[in-house]
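Proteins come first, then strands; the chains are lettered A, B, ... in the order of their sequence lines, and each starts at number 1.
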Protein chains: 4
Amino acid sequence: MSPTSTQVARRDAILAAAVAVFGAAGFADAGVDEIARRAGVAKPTVYNHFGDKRGLLLESIRWATARAQQRVMGALSGLDPSAADLRAELERVSRALIECLLSDEGTAVMRLQVSEQHHLAELDSLRLGARQATVEALAGRLAIIAAHGRLRLPDPVLAARHLMALTSDEPLAESGFGARRLQPDEVVGPVRDGVDTFLAAFGVD
Amino acid sequence: MSPTSTQVARRDAILAAAVAVFGAAGFADAGVDEIARRAGVAKPTVYNHFGDKRGLLLESIRWATARAQQRVMGALSGLDPSAADLRAELERVSRALIECLLSDEGTAVMRLQVSEQHHLAELDSLRLGARQATVEALAGRLAIIAAHGRLRLPDPVLAARHLMALTSDEPLAESGFGARRLQPDEVVGPVRDGVDTFLAAFGVD
Amino acid sequence: MSPTSTQVARRDAILAAAVAVFGAAGFADAGVDEIARRAGVAKPTVYNHFGDKRGLLLESIRWATARAQQRVMGALSGLDPSAADLRAELERVSRALIECLLSDEGTAVMRLQVSEQHHLAELDSLRLGARQATVEALAGRLAIIAAHGRLRLPDPVLAARHLMALTSDEPLAESGFGARRLQPDEVVGPVRDGVDTFLAAFGVD
Amino acid sequence: MSPTSTQVARRDAILAAAVAVFGAAGFADAGVDEIARRAGVAKPTVYNHFGDKRGLLLESIRWATARAQQRVMGALSGLDPSAADLRAELERVSRALIECLLSDEGTAVMRLQVSEQHHLAELDSLRLGARQATVEALAGRLAIIAAHGRLRLPDPVLAARHLMALTSDEPLAESGFGARRLQPDEVVGPVRDGVDTFLAAFGVD
DNA sequence: GATGAATGAGTTTTCATTCAT
DNA sequence: CATGAATGAAAACTCATTCAT
C-alpha cells in the first residue's frame, strides 16, 4: 500500500523539526523528545519512521540537502549569460548563492555536515555531491558566457570553484558558518571584491 | 605562589588531551573521564583546574588556537619576498598554511569553532582574531612583494584574503574540514590552480 | 486521561519507599537508587513522577503527613466524653496519640520536618497545620467534657495543647524523637503522670 | 607537652565553625571545606585534630552541648525561691530557659541531635544527660520553693518536667525547633499560659 | 604540624529506546 | 499504527580524605 498523504505530511513535519533542532543544537544536544514535540507527534512515532536517532539525522540531512540544492539550482538558473552588465550579473548570482548557504536550513545543513561527520560517514558523499553539482551548474553558465567571448576560461569548473571561493569565503567566516545573521552590506562588499578579483583574472580586457 | 613546573606540565597534559578528545568527538560526546585518563590525572583534577566541562573546552580551544597561530606565523615568516621564483614561493607558503590548518590540532580547533558556537559565544572573537592576524601577516608579506614591483596590489589585505580563499577552499572542502587526511597531491594541485588565478589577477605582466 | 490504578499503585509504592528511606537516613543520605529499588521501579520512573529528589521529598512528606493526620483524627474521635472513668479515657486517648506520633511513618515525618527545613520551607505550614488540626480536634472533645461539667476549662484549645505537652513530651524525648522504639511502660507512666497534672489543673474536684 | 594556647584557639575556632555549619546545613550537607574556611585553617588541619568528619561532628556537639548546658545552669541558678512574686519568677526563668534553647548554638545542638542520630548513637546519652541535668537542677529549685510552702509538690522532678513541657512546647513547635526566630511575645504568652496551668496544678491556693 | 593539590568513590540526573495499551 | 509510561546505561559533578612539600 502506498503511504497516505497524512503519513507523508507527518514524515515531513518530523524531518523539518529534526533539521531545525539538530541544526540549532547539534546532534548530541538535540533531544528526540523535542523533535517529536515540535513535529506534533509522539516519540515512538519518530522511531517507527526512522529507526533511531542516527537514522533520523541522516534522513533529515538528506532531505534538507535536497531542498537546499534545489534552491541553489534555482538561483544559478537565474544567471543570464547575455546580461548587459556582466559584473552586476555575477554579483547578483553570487549573493543569491550566499543567501542559500546562509539561510536557516542552509546553515543547519552546513554545520551538521561539518560537525557530525564522526556520527555519519555517509554524509560526506552527500556534501561533496552537492558541492560538485553546484560547481558544475555554475561552470556550465560560465562556459556559456565564455563562449560569448566575455570571459577567458581555460577551465570553467575551476573558474566556478574560484568564483565561489572568492565571494563566499569572507561572508561564511564572518557569519561563523551561519551562527550569526549577516547584515546585507556584510555580503555586498565581499561579493563585489570577489567578483573584482575574478574578473581581473578571467575577464576580457 | 607561582605554579610549579609539574603543575604547568599537568595543566598542559590536560589541555592537550582535551583538544584531542573534543576535536575527535565534539563537545557533547567527549567524556571528561576519557580526557582525564588520557592526561594521566584523576577526574577531579580536571575540575579543580578548569571548573567545569565548558571551562575546559574554552580554555583548551584558547590554548590550541594560540599554538596553531604560532605555527601559522612561523610559516608566513618563511615567505621570502625576493625569492627568484615568485610563483613557487607563493605555492610553498600556501601549502604550509594549509598544512597548519589541516594538522591534528588545527582541524580540532576549526571543527570545534564551527560546531560548538552555541556552547561558547566567546569563541567567535577568538576565531575571528586568529583569522585576522593571519590575513594581516600575509598581507604584510604581499605588500613587500608589491613594493618590489612584482605584484600589483591595490589592497594587500584583500589580496591576502583572496589568496587564502583561492588556495585553501578546495582542500578544506575535500578533507571535510579536517575529517579526512588528504594525500599530498590533493593539496598540490588546488594550490597551484589557486596561485594561478591569484597571479592572473594580481601578477605583473 | 485519569490515572490508571497501576499508576496510582506505583506512585504510592514510591511514596511509601521514600518516606521509609528518607525517614531512616535523612534527605541527604537517602539514595534515590534505594528508594526506587524498594518501590520496585526503575530510577527514572521516580524522576518522571516527582521531578527531582527535592520534589519527591516534598510530596512524600505531604502524603505521609496526610496519612498520619488521618490516624490521629481517628484516635481522637474515639474519645468518649461520657466515659465513666474520665481519667482512664484521657490516658487511653493520649496513649493512642503518642502511638501515632511514634509509629514508623509518624516518626519519619516528625524527624524530616525537624531536620530538613532548610531544604523545604514549604514544610513548615504543613507541620503547623497538622499540629493545629490535632489541637483543635482534641479541644473540641475536651470542650464537650467541660460542657458536661466534668472539667473546668476557660480555654479548651489551651487545655488541649497542655494535655498534649504534659503527656507526650517525655516519651518523645526518651525515644529520641522516634529514633528508638519505646517499651509500653515508657509510655504508660509518663502519660499517667501527665494526666494527673492535667486533672490537678483542670479537673472538677 | 601541653597544648599551646594557639592550638587551643585553633581547635575552638574549628569547633565553633563546625557547630555553625553543621547546625545550619545538617551533617551531610555541611562541607568540611567550608568549616575549614570559616575557621581560617586548611582542611588537613581539621583532619589532624578530629580524625574525620564524624569525629568532628561528635566533638563539636559535645562542645556546644557543654556550653549550652552551662548557660542553662546559669539561668536556673538565677531562680530566687523567695522572690515575692512567685508567678513572675517562674515566668522569668522559663523564658530564660527557652532563650537558651532557641539561641543559635542551642538550636544547632537540638536539631543535630534530632536529625543526626543515625550518624551518632553516642549523641543520645549526651542529649538525655543534658536534659536530665536541667530537669534535676530545676527540680532542686522547685523543691526549695515547696519547702517554703509555696508549692505543693509530691514529686519535684516530675513537676520540673511538667513546667518545662508546659512552657516550652508551644514556642519550640512555633519556631520549627529553632528554624525560625520568634518574636518576644511569641514566647511571653505561651510561658504565661504554661505557668498558669502549672500553678493551677501545683500552686498553694 | 600546616598546607595546596590530588584522588576514589558515589550521586543525581538525563535521554535514547522500548513495552503495554 | 500511535501513544504514555517505563527503563538501562551513562555522564557531569561533588566531597571526604590523603600525599608531597
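- Here the CG atom belonging to B:Leu15 is positioned 6.5 Å from the CD atom belonging to B:Glu59, to the nearest 0.5 angstrom.
- Contact between B:Val109 and B:Ala64 at its shortest, heavy atoms only, is CG2-CB, 3.4 Å.
- In terms of heavy-atom proximity, C:Asp124 sits nearest to D:Gly176 at OD1-CA, 4.4 Å.
- Atom C1' of nucleotide F:dC13 and atom CG of B:Asp33 are separated by 11 Å, given to the nearest angstrom.
- Between A:Arg10 and F:dA2, a side-chain N or O to OP1/OP2 separation shorter than 4.0 Å is present.
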side-chain contact (heavy atoms from CB on, under 4.5 Å) for B:Gln113 and B:Thr65? Distances and angles first, verdict last. CA-CA 10 Å; B:Gln113 281 175 335; B:Thr65 301; 3.7 Å; yes
Show the numbers, then the answer: is there a side-chain contact (heavy atoms from CB on, under 4.5 Å) between B:Leu56 and B:Ile14? CA-CA 9 Å; B:Leu56 176 57; B:Ile14 296 172; 4.0 Å; yes
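- The side-chain heavy atoms of C:Leu112 and C:Glu116, taken from C-beta on, include a pair separated by under 4.5 Å.
- Residues from residues 35-55 of chain C lying near DNA chain E, meaning a heavy-atom separation below 4.0 Å, are C:Lys43, C:Pro44, C:Tyr47, C:Asp52, C:Lys53 in numerical order.
- Here CZ of D:Arg10 is found 6.5 Å from NE2 of D:His49. Values are rounded to the nearest 0.5 Å.
- Within a heavy-atom distance below 4.0 Å of DNA chain E, the residues of residues 17-32 of chain C found are C:Ala30, C:Gly31, C:Val32.
- The rotation axes computed at either terminus of the helix from E:dA2-F:dT21 to E:dT21-F:dA2 lie 20° apart, taking five pairs at each end and rounding to 10 degrees.
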Can you check side-chain contact (heavy atoms from CB on, under 4.5 Å) on B:Lys53 and B:Leu57, steps first, answer last? CA-CA 6 Å; B:Lys53 196 187 179 185; B:Leu57 173 64; over 6 Å; no
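- C:Phe22 and C:Ala30 get closest at one heavy-atom pair: CD2-CB, 3.4 Å.
- Nucleotide F:dC13 holds its C1' atom 13 Å from the CG atom of B:Leu56, rounded to whole Å.
- Protein atom CD of C:Glu34 is 11 Å distant from nucleotide atom P of E:dT12, rounded to whole Å.
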Pair C:Arg111-C:Val114, side-chain contact (heavy atoms from CB on, under 4.5 Å): steps then yes or no: CA-CA 5 Å; C:Arg111 301 183 60 208; C:Val114 170; 5.8 Å; no
